[in-house]
Amino acid sequence: MRALRSLLALLPSWEDYHSVRRTWRGDVVAGITVGIVALPLALAFGVSSGAGAESGLVTAIVAGVIAAVFGGSNIQVSGPTGAMVVVLGPVVAAHGAGTVALVSLMAGVIVVLGGIMRLGRVVSYIPWPVIEGFTLGIAVIIFLQQVPAAVGTEPRPRSAAFVAAVQAFGDIDWASVAWPVAAVLTVVLVMLVAPRIHPQLPGSLIAIVLVAVVANLAGLPLARIGTLPGSLPAPALPAAETTTMLSLVGAACTVAALAAIESLLSARVAASISDTGPYDGDRELVGQGLASIASGIFGGMPATGAIARTAVNIRSGGRTRLAAIMHAVVLIGVVYLAAGAVSQIPLAALSGVLMVTACRMVSLRTVRSIIGSTRSDTATFIVTALITVSFDLIVAVGIGIAIAAFFALRALSQSAGVHREELPGPTRPGDERVALFRLDGALFFGAADRMLERVTRISNVSVVIIRMSQLQVLDATGARVVTEMIHELERRGITALVKGIQPRHLKLLTHVGVIASLRHQNHLFSDLDSAIEHARSHVRRAEPTAVR
């Protein structure tokens, strides 16, 4: 029954819409606004990925509805994103555009399983510098990917973003390069000016319409999107041969990891900037996985939560899932009513939109904050960004987390300490034969050897009291080191007493053998006075002449 209730919690309920009666007007307006903003982005991301504008549009519609209904956030808007484009580009180059739908379906299944396995809190373990370095790297790749279309050339197959951008300048047709460059500059100018006139003006849509109208009226030599279908494609399972699926497993895992990370980050940010309640990370994974599965069945691409569109939704008054559903309805209207007009949009205009979008992904204030914080955070940020651009997104996240973990463990080990203390109270004869050591901070694998050496090199004493009441962190390695401390001291004829084991550490210390390593069960104490008195009794028995 518990397992059944756990699974039911991952499914939609009427509670998701309990406030629609009060908020539906704002939700409808927000949905229309987000749909207008999402249209050029969906087209641009589809073209940039190599899957085609139709694929981007289908993804925004199908995945947008499914993620809104099944996801764990009340205000998240999902669809194709820049990060996903970066991952899909090499997949299309290596296996062809026809495999995108299959990758979407495979990745969706993995993400759903992640939600069922309760991995929705995984994003909380990713450090901030890693996230921002990852974002900066993605922004750089997206910008570089648009350079060929911006100068009117075709990107060479299997070229990295930086290489393709450099090669594009060598392939320029100087007789006609002015037209795509002018289109890009026009889009950039409109997108920068529109928000200054009014914050709600959809600068990207206005820019694309303006460039498309001028290009078509003047007959400018600009490459267009091309023919789009006037309806949604019929659902069908993508062709899946065993050999093809095996060759795409790596790509599917990368896409799934990216979809999960980006969606959870977006949902977390959305929850922090809105008053619509918290999000359910596990349900969000299930919703995003189902969205990618549905998108693949309709011939689309993998989807993730999109923070830019989600932020527009919040600013426009969206408060429930109805807003995200409405955004998909707007895009459906474009497919059925304006497919012919959309097909005439110049590719250079979409490149301009993505270039501006890439620049807006990076906050200079955030970059300065990280670089001005600590050396470890700065190194983590820079390395993650460089690896993202140079190699692979998921590898970059993994290495970034590893670097952050290394610096965190180093800082934690530096906070650990072992200190010799004077015995409290008046000094008595023989006290010089008793050593009191206090273990502080964290006793774990990163600091264990140093603490072991500090205690065991003591000499000219008869008894050592190991005080553990101030120990905050303890792992199996640390517990084993305490055992080794006791064994080494006892081997040298020094009696070891242990004082102040915390209840939360007792099970581990017992299991590893600390208690069993003591010479006698009476050598374990809960208060310091008793431990000191017992130590003095050992000294008196060992050196009777010293206390006369």
**Request:** Walk me through it: do Thr380 and Asp377 pass the test side chain to side chain donor-acceptor pair (under 3.5 Å)?
**Result:** CA-CA 5 Å; Thr380 302; Asp377 288 332; 5.2 Å; no

Between [X] and [Y], which heavy-atom pair has the shortest distance, and what is it?
X: Leu102; Y: Ala240; result: CD1-CB, 3.9 Å
X: Ala139; Y: Met361; result: CB-CB, 4.0 Å
X: Ser49; Y: Val92; result: O-CG2, 3.3 Å
X: Ser343; Y: Arg224; result: O-CB, 3.7 Å
X: Gly305; Y: Thr81; result: O-CG2, 4.0 Å
X: Leu232; Y: Tyr336; result: N-OH, 3.5 Å

For a 4.5 angstrom cut-off between non-hydrogen side-chain atoms, does [X] reach [Y]?
X: Val69; Y: Tyr17; answer: yes
X: Leu105; Y: Pro238; answer: yes
X: Val184; Y: Met355; answer: yes
X: Thr59; Y: Phe298; answer: no
X: His327; Y: Asn313; answer: no
X: Ile142; Y: Val85; answer: no
X: Arg25; Y: Val28; answer: no
X: Leu474; Y: Phe444; answer: no

**Item:** Test side-chain contact (heavy atoms from CB on, under 4.5 Å) applied to Thr366 and Trp128, step by step
**Value:** CA-CA 10 Å; Thr366 299; Trp128 179 47; 3.6 Å; yes

**Asked** Does Thr254 use its side chain to pair, donor to acceptor, with the backbone of Gly250 at less than 3.5 Å?
**Response** yes

**Message:** Tell me if a side-chain donor or acceptor on Arg504 pairs with a main-chain N or O of Gln472 at a distance below 3.5 Å.
**Reply:** yes

**Request:** Please report the C-alpha distance between Thr304 and Gln288 in whole Å, then the side-chain angles of each, then the deciding distance to 0.1 Å, and finally whether the side chain to side chain donor-acceptor pair (under 3.5 Å) criterion is met.
**Result:** CA-CA 6 Å; Thr304 74; Gln288 294 295 339; 6.0 Å; no

**Residue pairs passing the salt bridge (Lys or Arg N to Asp or Glu O under 4.0 Å) test where at least one lies in residues 333-361, sequence neighbours excluded** =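 Checked against salt bridge (Lys or Arg N to Asp or Glu O under 4.0 Å) - neighbours excluded - no pair reaches residues 333-361.
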
**Request:** Using the salt bridge (Lys or Arg N to Asp or Glu O under 4.0 Å) rule, collect all pairs that involve residues 274-296, keeping only residues at least two apart or in two chains.
**Result:** Asp16-Arg283, Arg118-Asp282, Asp275-Arg319

**Item:** Distance-only polar pair, side chains of Ser263 and Gln76, donor-acceptor under 3.5 Å
**Value:**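 The answer is no; no qualifying pair exists.
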
**Message:** Quiz question: by atom type and distance under 3.5 Å, do the side chains of Ser19 and Thr320 form a donor-acceptor pair?
**Reply:** no

**Item:** Point-to-point distance, once rounded to the nearest 0.5 Å, from CD1 of Ile297 to CG of Leu237
**Value:** 5.5 Å

**Message:** Heavy-atom count check: over 12 atoms from other residues, nucleotides or ligands less than 6.0 Å from Arg121 CZ?
**Reply:**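 Open: at most 12 neighbouring heavy atoms sit under 6.0 Å from CZ of Arg121.
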
**Message:** Please determine whether side-chain contact (heavy atoms from CB on, under 4.5 Å) holds for the pair Ile261 and Leu265, giving the CA-CA distance in whole Å, both sets of side-chain angles, and the decisive distance to 0.1 Å.
**Reply:** CA-CA 6 Å; Ile261 292 171; Leu265 284 175; 3.9 Å; yes

**Candidate pair Thr388 and Val140, rule side-chain contact (heavy atoms from CB on, under 4.5 Å), full reasoning** = CA-CA 9 Å; Thr388 300; Val140 171; over 6 Å; no

